[in-house]
There are 4 protein chains.
Amino acid sequence: MNEWSFILMSNLIKSCSERKNAMGKKRGPKYDQIIEAAVKVIAENGYHHAQVSKIAKEAGVADGTIYLYFKNKEDILISLFEEKMGRFVDKIQEQIEGSLTAKDKLFILIEMHFKQLAENRPLAIVTQLELRQSNPELRWKINEVLKKYLDLMDTVLTEGKESGYFSEDLDFRLARQMIFGTLDEVVTNWVMKDCKYDLVSLAKPMHQLLVGGLCSR
Amino acid sequence: MNEWSFILMSNLIKSCSERKNAMGKKRGPKYDQIIEAAVKVIAENGYHHAQVSKIAKEAGVADGTIYLYFKNKEDILISLFEEKMGRFVDKIQEQIEGSLTAKDKLFILIEMHFKQLAENRPLAIVTQLELRQSNPELRWKINEVLKKYLDLMDTVLTEGKESGYFSEDLDFRLARQMIFGTLDEVVTNWVMKDCKYDLVSLAKPMHQLLVGGLCSR
Amino acid sequence: MNEWSFILMSNLIKSCSERKNAMGKKRGPKYDQIIEAAVKVIAENGYHHAQVSKIAKEAGVADGTIYLYFKNKEDILISLFEEKMGRFVDKIQEQIEGSLTAKDKLFILIEMHFKQLAENRPLAIVTQLELRQSNPELRWKINEVLKKYLDLMDTVLTEGKESGYFSEDLDFRLARQMIFGTLDEVVTNWVMKDCKYDLVSLAKPMHQLLVGGLCSR
Amino acid sequence: MNEWSFILMSNLIKSCSERKNAMGKKRGPKYDQIIEAAVKVIAENGYHHAQVSKIAKEAGVADGTIYLYFKNKEDILISLFEEKMGRFVDKIQEQIEGSLTAKDKLFILIEMHFKQLAENRPLAIVTQLELRQSNPELRWKINEVLKKYLDLMDTVLTEGKESGYFSEDLDFRLARQMIFGTLDEVVTNWVMKDCKYDLVSLAKPMHQLLVGGLCSR
DNA sequence: TATGAATGAGGATTCATTCAT
DNA sequence: CATGAATGAATCCTCATTCAT
């Protein structure tokens with residue numbers, strides 16, 4: 001390692017940190033600071049009282065700095081959702097890949113869904129309550145992000161169907177809507193009840209109910 | 001019938017329309033006009049562009065008149081939801097009472113849920129999309145209104161459990177959340193897809209899925 | 001005079017006060033208050049420091065009231081110019097009609113131009129300095145208003161040419177531009193010199209110069 | 001005066017221009033780049049959309065570099081005007097010196113005024129339209145720059161008066177204002193009409209009109 | 001009861017300028 | 001000399017609500 005290798009490495013590092021992300025957005029430590037600040041401020045003040053200046057203050061940057069990293073306020077929210085929901089689904093995916101059966105995979109999905117939101121209550125408040133107050137345009141983009149999650153569910157459902165664990169005539173769209181709608185409703189209720197009971201322990205009965213249905217055998 | 005009888009009748013009608021309803025609210029023909037106007041205006045313009053003045057114009061009253069019937073804008077929305085959701089649940093209840101088994105009752109509940117929203121798309125848009133943009137406080141009150149619906153589900157679930165049709169160890173809260181969360185998600189997806197497929201025909205497979213679960217037997 | 005005549009008069013008065021002006025704009029005493037306030041505030045603070053709230057305060061109305069009478073801030077300025085310049089030209093026209101010869105008419109035009117601006121210094125400051133800082137869109141509309149003035153000049157020039165007082169081969173466009181450009185420059189210099197000399201007394205030499213040119217005979 | 005004295009003088013001028021200019025301003029190639037960039041950016045985007053960062057980009061320098069050469073944004077504009085108007089007047093002066101009579105000198109002045117602006121339309125747009133949107137303070141300084149031009153006019157007027165070509169009792173201030181106001185108005189109209197007619201050919205009739213006045217002889 | 005003109009609080013965003021490197 | 005990321009002040013307009021008539 002000599003002077004040249006150092007320079008090359010510097011350039012490499014520099015070009016890395018200067019690299020824009022997939023969305024062509026400027027990145028850097030402040031990008032993450034702002035996202036985290038946004039989660040906190042929205043969770044504490046509610047969507048409609050989360051002024052840009054509050055977020056900037058919480059992030060420890062000037063108001064104007066926000067606009068070096070985000071197009072506008074809405075862009076903060078979309079990015080927040082993309083970042084957080086992206087990781088959210090990625091983590092579930094990782095865990096699922098370690099399981100063998102579709103049954104286990106579904107359980108992991110449910111448990112991880114609950115676990116991640118239970119571990120980050122401000123995020124849970126933001127995703128379950130505050131972000132839903134956003135305008136239709138933002139909600140469309142949120143739906144885009146959710147597609148990745150729905151695709152993951154499809155993978156599990158397909159595998160389960162092939163292994164004979166799930167019904168052969170399972171309607172994927174309905175099944176996805178049942179799983180997502182149920183999990184979402186359960187988490188929303190938990191958040192609205194001030195998170196005062198254990199969410200993760202609901203994973204097991206929830207799994208049984210989704211798999212076995214309401215009916216006795 | 002003479003002049004006096006007319007005056008008496010007027011007073012009678014007047015005292016009637018002046019009578020407050022159960023919620024202590026003033027009623028009268030304008031009350032309903034305003035509610036209907038609110039549904040129309042919100043469905044057409046979206047929650048955030050549904051100004052009080054627009055609702056007043058649509059209802060054919062002055063802006064100030066709104067405040068003779070409703071405490072504030074939020075009160076219009078809560079009342080709207082109370083009125084509409086009240087009838088919504090009442091109709092489901094009526095139909096359910098005509099059925100014998102818990103299985104049938106659940107099916108009727110699902111079908112009626114879909115049917116009523118499919119029949120009134122503006123209302124569906126308002127309840128599934130627009131009203132969710134309201135602040136958490138309003139959403140709390142909306143949840144209050146939903147209790148009647150959840151109680152109805154409980155009745156069906158209890159009966160089904162007693163008749164042995166539903167699992168003996170069914171967790172009512174989870175079951176309710178699964179049913180409501182699923183139906184809600186299905187309707188929301190239908191609205192977001194511009195209502196371009198038949199919602200009511202999903203009742204049968206939906207019923208089977210909820211009752212039998214994802215699992216093959 | 002009876003009940004009916006009273007009602008008829010009421011309606012008449014009502015329809016009068018409700019009448020919008022030619023531009024379809026709401027009128028009323030507040031309309032004029034706001035225009036006057038705008039002239040004063042712009043003259044005192046300069047165009048770029050003339051906040052809507054300052055104008056509202058000066059006019060003795062709430063900020064929001066401004067927007068019942070004007071579309072936006074720019075609309076105040078356009079209206080201001082239309083009103084003031086409208087009267088400005090009208091008054092010149094009136095005076096001109098009382099004169100016999102084209103020579104006199106031109107003199108009256110010059111004198112009235114100077115006189116009206118000398119009598120209303122805040123207005124002079126606004127028209128000569130502040131309003132020129134406005135954006136191109138506003139400046140186009142200002143030009144529209146000026147057309148009436150230019151047409152008036154044309155009338156005088158035509159008459160003068162016909163009577164043989166003005167050159168037969170006079171280029172109207174150039175003549176108009178010379179007259180307007182000169183008067184405008186003279187007034188602007190007067191305003192920039194803090195109006196500290198008598199403007200109106202310049203009318204006579206100005207007239208001679210425009211009519212006779214620089215050349216000795 | 002020989003070759004050497006020319007070289008010495010060149011060096012003197014050069015070292016002068018590389019150090020500070022008469023106004024105590026730093027000079028260098030970037031100084032001119034920035035001025036040229038400012039003309040282009042203002043002409044293309046308008047005064048209010050000519051951000052410092054745009055000018056810097058066009059000049060191929062960093063935003064901060066601007067402030068090594070100019071005190072602030074306003075200083076760019078003043079300098080722009082000083083530079084361009086300085087050359088503008090110098091060129092007219094040069095040409096005038098070649099003429100014999102006051103009559104010819106005035107004609108040259110008019111023709112050169114039109115010619116130079118017709119040859120550089122971006123500059124014409126900037127001086128006639130965009131720079132007038134600046135605040136009165138800047139406009140004061142612009143007037144300072146114009147003094148040199150007015151002085152030149154005075155020279156011509158004095159000479160003409162002495163030679164008996166211009167009236168003996170000519171008011172210089174009014175005459176200057178008439179000449180400048182007229183030329184300025186004519187050029188402004190030409191710019192606002194998108195420069196779609198020939199400006200220079202107006203010099204002759206314009207000259208006749210200014211010299212001979214509106215009146216027939 | 002009904003009206004509707006008037007109110008006034010509240011917030012996202014731009015861009016000239018600085019200064020650590 | 002040169003850079004450019006960071007700063008932060010400054011303002012127009014909307015719309016729920018009131019109250020004199």
Side-chain angles (χ1 to χ4, degrees), chain A residues 17-18 26 28-30 48-57 59-76, chain B residues 14 17-18 26 28-31 48-57 59-77, chain C residues 17-18 26 28-31 48-57 59-76, chain D residues 26 28-31 48-57 59-77:
Chain A
S17 70
E18 267 175 359
K26 206 195 293 177
K30 303 221 162 133
H48 285 297
H49 294 103
Q51 299 100 324
V52 171
S53 60
K54 257 185 203 156
I55 296 173
K57 193 170 211 176
V61 300
D63 292 18
T65 305
I66 298 267
Y67 294 87
L68 296 176
Y69 293 89
F70 301 91
K71 253 200 342 280
N72 48 38
K73 188 181 177 183
E74 188 176 76
D75 191 32
I76 307 176
Chain B
K14 202 179 168 194
S17 70
E18 267 173 358
K26 228 177 282 176
K30 299 205 170 160
Y31 177 89
H48 286 296
H49 295 102
Q51 295 96 331
V52 172
S53 59
K54 252 185 206 156
I55 296 174
K57 192 171 210 177
V61 300
D63 292 17
T65 305
I66 299 266
Y67 293 86
L68 297 174
Y69 292 89
F70 301 92
K71 241 186 15 264
N72 48 37
K73 186 182 180 182
E74 190 176 75
D75 190 31
I76 307 176
L77 303 175
Chain C
S17 71
E18 268 173 358
K26 208 196 291 178
K30 303 223 161 131
Y31 178 88
H48 285 297
H49 293 104
Q51 297 100 324
V52 171
S53 60
K54 258 186 204 155
I55 296 174
K57 196 171 208 175
V61 301
D63 291 19
T65 304
I66 298 267
Y67 295 88
L68 295 176
Y69 293 88
F70 302 92
K71 255 201 342 281
N72 50 36
K73 188 182 176 181
E74 189 175 76
D75 191 32
I76 306 177
Chain D
K26 224 179 285 173
K30 298 204 171 162
Y31 178 88
H48 286 297
H49 294 102
Q51 296 96 332
V52 171
S53 60
K54 252 186 208 157
I55 296 173
K57 193 172 209 176
V61 301
D63 292 17
T65 304
I66 299 265
Y67 292 86
L68 297 174
Y69 294 88
F70 301 92
K71 249 195 358 272
N72 49 36
K73 188 182 178 182
E74 190 175 75
D75 190 33
I76 306 176
L77 302 175

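Note: hydrogens, waters and symmetry copies are ignored here, and every other heavy atom, side chains too, is used. The sequence lines fix the lettering, A, B, ..., with proteins before strands; numbering per chain opens at 1.
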Peer 1: Rounded to the nearest 0.5 Å, how far does NZ of B/K57 lie from CD of B/Q51?
Peer 2: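 The distance works out to 11.0 Å.
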Peer 1: How many whole angstroms separate atom OH of C/Y31 from atom P of E/dA5?
Peer 2: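 Taking OH of C/Y31 and P of E/dA5, I get 17 Å after rounding.
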Peer 1: Given that C/H48 and D/A62 both sit by DNA chain F, which one's nearest nucleotide is further toward the 5' end?
Peer 2: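 Its nearest nucleotide lies further toward 5', so the answer is D/A62.
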Peer 1: Which residue, D/H49 or C/G60, contacts DNA chain E at a nucleotide closer to its 5' end, judged by nearest heavy atom?
Peer 2: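 Whichever sits nearer the 5' end wins; that is C/G60.
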Peer 1: Does a side-chain N or O of A/K30 approach OP1 or OP2 of F/dA6 to a distance below 4.0 Å, or not?
Peer 2: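 Result: yes.
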Peer 1: Over how many whole Å does the gap from C/I76 atom CD1 to F/dC13 atom P extend?
Peer 2: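 In whole Å, F/dC13 P lies 8 Å from C/I76 CD1.
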Peer 1: Rounding to an integer number of Å, can you tell me how far B/D75 CG sits from F/dA16 C1'?
Peer 2: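 Rounded to whole Å, this separation is 13 Å.
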Peer 1: Is the phosphate of F/dA6, meaning OP1 or OP2, less than 4.0 Å from a side-chain N or O of A/T65?
Peer 2: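 False: A/T65 side-chain N/O out of range (4.0 Å or more) of F/dA6 OP1/OP2.
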Peer 1: What is the base-pairing partner of E/dG10, counting Watson-Crick and G-U wobble geometry with both distances under 3.5 Å?
Peer 2: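 Looking at the geometry, E/dG10 pairs with F/dC13.
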Peer 1: For B/Q51 and A/V61, find the nucleotide of DNA chain F closest to each by heavy atoms; which residue's nucleotide sits nearer the 5' end?
Peer 2: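 Looking at the nearest nucleotide for each, A/V61 comes out on the 5' side.
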Peer 1: Separation of B/K54 atom NZ from F/dA16 atom C1', in whole Å?
Peer 2: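 It works out to 14 Å between those atoms.
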Peer 1: Grab the CD1-P distance between B/I55 and E/dT3 for me, whole Å please.
Peer 2: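 Taking atom P of E/dT3 as the reference, CD1 of B/I55 is at 16 Å.
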Peer 1: Whole Å only: how far is the CZ atom of A/F70 from the P atom of E/dT13?
Peer 2: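 About 13 Å, once rounded to whole Å.
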Peer 1: In this structure, are over 12 heavy atoms from other groups packed under 6.0 Å from A/H49 atom NE2?
Peer 2: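 Not buried by this count: 12 neighbours or fewer within 6.0 Å.
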Peer 1: If the test is side-chain contact (heavy atoms from CB on, under 4.5 Å), which one of B/V52, B/L77, B/I76, B/T65 qualifies with B/F70?
Peer 2: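 Result: among B/V52, B/L77, B/I76, B/T65, B/I76 is the only option passing the side-chain contact (heavy atoms from CB on, under 4.5 Å) with B/F70.
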Peer 1: Evaluate the side-chain proximity of D/D75 to D/N72: yes if any heavy-atom separation is below 4.5 Å, no if none is.
Peer 2: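 The answer is yes, as the side chains (C-beta and beyond) meet within the 4.5 Å cut-off.
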Peer 1: Where do B/A50 and B/I55 come nearest, in terms of heavy atoms and distance?
Peer 2: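 Heavy-atom minimum between the residues: O-CD1, 4.2 Å.
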Peer 1: Could you identify the nucleotide paired to F/dA2, looking across every strand shown and requiring Watson-Crick or G-U wobble geometry with both distances under 3.5 Å?
Peer 2: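 By the stated definition (distances under 3.5 Å), E/dT21 pairs with F/dA2.
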Peer 1: Could you tell me how far apart C/L68 (CG) and F/dC15 (C1') are, to the nearest whole angstrom?
Peer 2: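 In whole Å, F/dC15 C1' lies 11 Å from C/L68 CG.
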Peer 1: Expressed in angstrom and rounded to an integer, what is the separation of A/Y69 atom OH from E/dA12 atom P?
Peer 2: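 Whole-Å distance recorded here is 20 Å.
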Peer 1: Between the protein and nucleotides 17-21 of chain F, list the N/O to N/O atom pairs that are separated by less than 3.5 angstrom.
Peer 2:
unit_1, atom_1, unit_2, atom_2, d
F/dT17, OP2, B/Y67, OH, 3.1
F/dT17, OP2, B/K73, N, 2.8

